[in-house]
Colleague: 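One structure, pasted below without further comment.
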Amino acid sequence: MDIKTPLFGKTLGELQQLCAEYGLPKFTAKQIADWLYVKDIQAIDEMTNLSKKARERLEENHTFGLIDPIDTKISTDGTRKYLFPTEHGKFIETAMIPFKDRKTVCVSSQVGCKMGCLFCMTGKQGFQGQLTAGEIVNQIRNIPERNEITNIVYMGMGEPFDNLDEVLKSVEILTAEWGFAMSPRRITVSSIGIVPGLIRFIQECEAHLAISLHTPFHEERQNLMPVQIAYPLEQVIAEIKKHDFSGQRRVSFEYIVFGGLNDTPRHVKELARMLAGIKCRINLIRFHPIPGTPLHGTDEATLQSFKDALNNKGILTTIRASRGVDIYAACGLLSTKALVKKT
Ligand code: SF4
């Protein structure tokens, strides 16, 4: 039995190729893209401006491809966490974070993650598979807030540069005129700094970049993030310095603050040296404790003075508000490990 593949997640180029294969006129591809990404339908049969023959041809081989969330958790602060099944029987989580006049969706790019960062629940889950562009965009298209979303961050489960082809394709669908037509300035892709992926991302994508930095010192970073062994931070920073981030496209650095580990004047001094010449922002993040790690968060007074010290050095630094902690939707807490065991 032939397995039907989803149309949702295909780029205009891929749809054109498909139409050529099926002997359909080229303009049909644009019509299909319109039904997939602009109009609010859920089935191929509803693509009413396509000929009956075209719809039948598509239905023989494809599904529309939307996947509904199967669970929703709601935080006391209004953050929502959605659980989606994937095409291959796995599960991923997506967070929707309302704040003032913004609604930010934090999407996953992989099921679990290979990178093994010490402070991260997804890292503890291990890697169970890649997401397709369709599964990434589905996390935006198929939640109740879909028409109110103002920002998208690729900061959910997984390392986006370890699934770069599909991540780039998903950003194309979100930003193209034939797709969601969002500004790339409303999208931020976050990475721990896999250098070949970083180089490609900077060249091929217009979205903002966020790098998980966490400490400027090699030994310490290596203990927190094994990626430091393959791609030391100095290399990551050198690549970023080759590009001009002083225009509309922004680079920021994520920094989880751990008590007594990376919150000292020594760290402030080294961060100032390392980031000199880059127009950037540092986002300080409170650590949310996870089981089985020796790490703990810093106290509020130290967090504030660390922030002030960095600002005094001329690095724009803010403290990110923790959202959705009570439903495990906050930074570093996403995991579908329990469900992996059951499947
Ligand atoms: S922090 Fe990101 S890269 Fe590191 S283990 Fe977690 S999901 Fe993977």
Side-chain angles (χ1 to χ4, degrees), residues 81 83-84 86 90-95 97 104-131 135-136 139 152-164 166-167 170 188-198 200-201 207-215 220-233 235-236 251-258 261-262 282-297 320 322-325 328-340:
K81 187 171 74 169
L83 179 69
F84 287 97
T86 69
K90 306 281 193 321
F91 299 92
I92 51 159
E93 292 183 323
T94 305
I97 307 144
T104 301
V105 179
C106 177
V107 295
S108 294
S109 55
Q110 297 182 306
V111 187
C113 185
K114 295 174 198 162
M115 300 299 149
C117 302
L118 195 63
F119 45 82
C120 173
M121 282 287 272
T122 312
K124 295 216 176 300
Q125 173 173 342
F127 178 71
Q128 280 89 42
Q130 302 287 19
L131 294 186
E135 289 168 327
I136 297 171
Q139 297 169 64
I152 295 165
V153 294
Y154 286 65
M155 296 185 185
M157 300 170 69
E159 161 54 46
F161 291 178
D162 190 39
N163 187 18
L164 191 56
E166 297 302 310
V167 164
S170 69
T188 302
V189 177
S190 175
S191 170
I192 55 174
I194 296 174
V195 172
L198 175 69
R200 225 184 118 197
F201 174 80
H208 297 312
L209 170 68
I211 294 289
S212 300
L213 198 158
H214 307 320
T215 173
E220 280 175 13
R221 195 163 187 269
Q222 189 176 299
N223 291 336
L224 290 172
M225 307 165 74
V227 71
Q228 175 73 9
I229 299 162
Y231 301 112
L233 189 59
Q235 264 183 41
V236 176
V251 60
S252 57
F253 295 93
E254 312 289 304
Y255 198 100
I256 303 176
V257 191
F258 303 105
L261 184 84
N262 63 354
I282 293 183
N283 288 314
L284 300 180
I285 302 169
R286 290 179 182 85
F287 177 56
H288 307 111
I290 60 170
T293 160
L295 301 165
H296 59 92
R320 180 178 296 158
S322 294
R323 309 297 307 274
V325 180
Y328 287 85
C331 186
L333 297 182
L334 296 183
S335 171
T336 49
K337 190 173 178 179
L339 295 165
V340 172

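Counting starts at 1 for both ligands and their atoms, in listed order. Bear in mind that the values here come from a model prediction, so they are computed numbers and not experimental data.
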Colleague: Which heavy atom of the protein is the closest neighbour of atom 8 (Fe) of ligand 1, given with residue, atom name and distance?
Modeller: Cys113 SG, 2.3 Å
Colleague: If you apply the rule side-chain hydrogen bond (donor to acceptor under 3.5 Å, both in side chains), what do you find for Ser191 with Glu159, and how did you get there?
Modeller: CA-CA 6 Å; Ser191 170; Glu159 161 54 46; 2.8 Å; yes
Colleague: Does Tyr328 OH have over 12 foreign heavy atoms under 6.0 Å away?
Modeller: no
Colleague: Look at Cys117 and state whether any of its N, O or S atoms is less than 2.8 Å from atom 4 (Fe) of ligand 1.
Modeller: yes
Colleague: Which of the numbered atoms in ligand 1 are under 4.0 angstrom from any heavy atom belonging to Met115?
Modeller: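 Near Met115, the atoms of ligand 1 are 3 (S), 8 (Fe).
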Colleague: Can you tell me if, anywhere in Cys120, an N/O/S atom lies at a distance from atom 6 (Fe) of ligand 1 that is smaller than 2.8 Å?
Modeller: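 Yes.
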Colleague: Just by distance, no angles: are the side chains of Asp162 and Gln110 close enough, under 3.5 Å, to form a donor-acceptor pair?
Modeller: yes
Colleague: May I ask you to identify the nearest protein heavy atom to atom 2 (Fe) of ligand 1, giving residue, atom name and distance to one decimal place in Å?
Modeller: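 Here the nearest protein heavy atom works out to Gly158 O, 4.1 Å.
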Colleague: Classify the side-chain pair Gln125/Thr336 by whether it contains a donor and acceptor separated by less than 3.5 Å.
Modeller: yes
Colleague: Can you list the atoms of ligand 1 that are under 4.0 Å from a heavy atom of Ile192?
Modeller: 3 (S)
Colleague: Hey, does the side chain of Glu254 reach the backbone of Ile285 with a donor-acceptor pair shorter than 3.5 angstrom?
Modeller: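 No.
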